[in-house]
Amino acid sequence: MTVREIRADDRDRLREIQQAVLSDPSPSVLAAALDGPLFGLVAEDSGAVVGYLLAVIGETRTYVPELAVAADTQRRGHGSALLAAAIDRLRERSVRTVRLTTRADDPAARAFYEQQGFESVERIPDHYDDADGVVYERRIDG
């Protein structure tokens, strides 16, 4: 498995993953990573794109609006590899905090982020159309 920066020719595959895996996909966020200012990484396995991470990078804080891995390749370390690669790159840019939001009613996602060193810092009522959101944060050591 490899992790690399997002490219324009990833568009169709990332849309497929986004639509199939995320309960509240945001095509505009994906477009911003492919065409504009957002940072993005993809995970490849045997040459095929199997997941991606998108980030809005600030001076010292970064927000990850989407992390998605194709359903048939989940639980194989792709999400962990994407987060680790992103954190390494963010550390190089002197980012100190990474934040993300996940559904309060998704115990698997919550457990995943907690295993990755994120802590729950806020609950947002009605953040999603049909669920509350939970904001997670992880400090990055220099």
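Here the shortest heavy-atom pairing between A33 and I6 reads O-CG2, 3.8 Å. Taking every heavy atom of both residues into account, A131 and D105 meet most closely at CB-OD2, 3.6 Å. Closest non-hydrogen pair, A108 versus R75, comes out as CB-NH2, 3.9 Å. Taking both residues in full, the closest heavy atoms of F118 and V98 are given as CE2-O, 3.7 Å, listed atom of the first, atom of the second, then distance. In terms of heavy atoms, L82 sits closest to A43 at CD2-N, 3.6 Å. Closest of all the heavy-atom pairs between F112 and S80 is CE1-OG, 3.5 Å.
Side-chain contact check for V135 versus H127: every heavy-atom pair is 4.5 Å or farther apart. Taking the side chain as every heavy atom from C-beta outward, L83 and R138 never approach each other to under 4.5 Å. You'll find the side chain of V21 reaches within 4.5 Å of the side chain of Q74, heavy atoms only. At a threshold of 4.5 Å between non-hydrogen side-chain atoms, the residues V134 and R103 do not count as touching. Put simply, the side chain of Q19 reaches to within 4.5 Å of the side chain of P27, judged on heavy atoms. No side-chain heavy atom of V69 sits under 4.5 Å from any side-chain heavy atom of R76.
The cluster map of Ile, Leu, Val, Met, Phe, Trp and Tyr, joined by side-chain heavy atoms under 4.5 Å apart, puts L38 and I17 in the same cluster. No chain of hydrophobic side-chain contacts below 4.5 Å, direct or via other Ile, Leu, Val, Met, Phe, Trp or Tyr residues, connects I124 to V64. Note: the hydrophobic cluster containing Y63 does not contain V95 (ILVMFWY, side chain heavy atoms under 4.5 Å, direct or indirect links). Note on L34: it does not cluster hydrophobically with F39, by side-chain heavy-atom contacts below 4.5 Å among ILVMFWY residues. L67 and I87 fall within a single hydrophobic cluster, where Ile, Leu, Val, Met, Phe, Trp and Tyr side chains are chained together by heavy-atom contacts under 4.5 Å.
R96 places no side-chain N or O within 3.5 Å of a backbone atom of R139 that could act as its donor or acceptor partner. Without hydrogens or angle criteria, Q18 side chain to S26 main chain gives a donor-acceptor distance under 3.5 Å.
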Item to complete: Kindly determine whether T62 and I140 satisfy side-chain contact (heavy atoms from CB on, under 4.5 Å), including the steps that lead there.
Response: CA-CA 11 Å; T62 291; I140 299 176; over 6 Å; no
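Of the candidates E119, R110, R99, R110 is the only one forming a side-chain hydrogen bond (donor to acceptor under 3.5 Å, both in side chains) with Y136.
Atom CG of L41 and atom CZ of R4 lie 9.5 Å apart (nearest 0.5 Å). The CG atom of L14 sits 10.5 Å away from atom CZ of R7, with the distance rounded to the nearest 0.5 Å.
Using a 4.5 Å cut-off between side-chain heavy atoms of Ile, Leu, Val, Met, Phe, Trp and Tyr, M1 forms no hydrophobic cluster with any other residue.
The existence of a salt bridge linking R13 and D10 is excluded, since no basic side-chain nitrogen approaches an acidic carboxylate oxygen closer than 4.0 Å.
Not counting sequence neighbours, the partners of D132 by the salt bridge (charged side-chain N to carboxylate O under 4.0 Å, His left out) test are R123.
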Contacts table for residues 45-58: side-chain donor-acceptor under 3.5 angstrom, sequence neighbours left out:
unit_1: D45; atom_1: OD2; unit_2: H78; atom_2: NE2; d: 3.4
unit_1: Y52; atom_1: OH; unit_2: E66; atom_2: OE1; d: 2.6

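Counted by atom type alone, Y113 and S120 present zero donor-acceptor pairs between their side chains at under 3.5 Å.
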